[in-house]
Amino acid sequence: MERIPILQMGNFLIVTIQVDMHDQLAMTLQDDLTNRISQTSAHGVLIDISALEIVDSFIGRVLGNIAKMAQVLDAKTVVVGMQPAVAITLVELGLSLTGIRTALNVEKGMALLQASTDPTTDSQVTATKGHLDDNAEA
């Protein structure tokens, strides 16, 4: 049975899809990924789709479902490397990919995951906002 490898890097899982996705492979990835999130208590999932030239409505829905399942398991999902033709197709199909955060490349996606799982980010935003509020009153 064909499977897409899932790599672990710290608290994150990384999936790089390098083959054409078909429905059964997408469902297997969904099952494998949710099991790995549960087993590793991963805080984030990065899915690289840069090799995909076509994403149909089924694959788009599966990506959305993966993000929703990951969120239920307390993990954030970022999809990176989306080609312009794929983005155009998803918009034309009316798929909004609700719950999926996107980034242009792996580097920006990892930065987004780290920022979203860093507990100090909220306090820094709060501290910055408080500082701005102080300036507004002056």
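Given the structure is predicted, the values throughout are model-derived calculations rather than measurements. When reading the values below, keep in mind they use all heavy atoms of this one structure, side chains included, and skip hydrogens, waters and symmetry mates. Residue numbers start at 1 and run along the sequence shown.
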Task: Side chain proximity check, Asn65 to Gln30, heavy atoms < 4.5 angstrom - done: yes
TODO: Please examine the side chains of Arg3 and Thr28, heavy atoms only from C-beta on, and report whether any two atoms are closer than 4.5 Å.
DONE: yes
- [ ] Say whether, by atom type as modelled, one donor and one acceptor occur between the side chain of Arg36 and the main chain of Ile6 under 3.5 angstrom.
- [x] yes
Open item on the list: Do Leu46 and Thr16 have side chains that approach each other closer than 4.5 Å (heavy atoms only, starting at C-beta)?
Closed with: no
Task: Interatomic spacing from OG1 in Thr89 to CE in Met82 - rounded to 0.5 Å - done: 10.0 Å
Open item on the list: To the closest 0.5 Å, what do you measure between OG1 (Thr102) and NZ (Lys108)?
Closed with: 11.5 Å
TODO: Indicate if Ile54 and Val91 have the same hydrophobic cluster label, given that clusters are the connected sets of ILVMFWY residues with side-chain heavy-atom separations under 4.5 angstrom.
DONE: no
- [ ] Measure the spacing between OG1 of Thr40 and CG of Asn11 and express it to the nearest 0.5 Å.
- [x] 8.5 Å
Open item on the list: Is there a path of hydrophobic side-chain contacts, each under 4.5 Å between heavy atoms, that joins Met27 and Ile59?
Closed with: yes
Task: Nearest-0.5 Å distance, CE of residue Met21 to CD of residue Glu2 - done: 9.5 Å
Task: Which atom of Ala67 lies closest to which atom of Ile100, heavy atoms considered - done: CB-CG1, 3.5 Å
Open item on the list: Would you compute the distance between atom CG of Leu113 and atom CG of Leu13 and round it to the nearest 0.5 angstrom?
Closed with: 10.0 Å
Task: More than 12 heavy atoms from other groups under 6.0 Å of CG on Asn105 - done: yes
Task: Gap separating the OG atom of Ser50 from the CD atom of Gln18, nearest 0.5 angstrom - done: 6.0 Å
Task: Worked verdict on Ile47 versus Ile66 for side chain to side chain contact (heavy atoms under 4.5 Å, CB included) - done: CA-CA 10 Å; Ile47 302 173; Ile66 288 173; 4.1 Å; yes
Open item on the list: Is there a path of hydrophobic side-chain contacts, each under 4.5 Å between heavy atoms of I/L/V/M/F/W/Y residues, joining Val79 to Val86?
Closed with: yes
Open item on the list: Donor-acceptor pair, distance only, cut-off 3.5 Å: does the side chain of Thr34 make one with the backbone of Asp31?
Closed with: yes
Open item on the list: Quick check on the hydrophobic clustering: are Leu33 and Phe58 connected, directly or via other members, by side-chain heavy-atom contacts under 4.5 Å?
Closed with: yes
Task: For the student: nearest non-hydrogen atoms of Ala75 and Ile37, plus distance - done: CB-CG2, 4.1 Å
Open item on the list: Could you check whether any side-chain heavy atom of Leu25 comes within less than 4.5 Å of a side-chain heavy atom of Ile4, counting everything from C-beta outward?
Closed with: yes
TODO: Consider only side-chain heavy atoms of I, L, V, M, F, W and Y, link residues closer than 4.5 Å, and tell whether Val15 and Phe12 are in one cluster.
DONE: no
Task: Smallest separation among heavy atoms of Gln8 and Gly10, with atom names - done: NE2-O, 3.1 Å
- [ ] Side-chain contact test, heavy atoms from C-beta onward, threshold under 4.5 Å: evaluate it for Leu104 versus Val80 and give yes or no.
- [x] no
Task: Least distance between heavy atoms, Gln83 atom then Ala51 atom - done: NE2-C, 4.3 Å
- [ ] Indicate the atoms forming the closest heavy-atom contact of Asp23 with Asp56, along with that distance.
- [x] OD1-OD2, 4.4 Å
Task: Whether over 12 other heavy atoms sit under 6.0 Å from Asp74 CG - done: no
TODO: Return the minimal non-hydrogen interatomic distance between Val78 and Gly109, and the atom names on each side.
DONE: CG1-CA, 3.9 Å
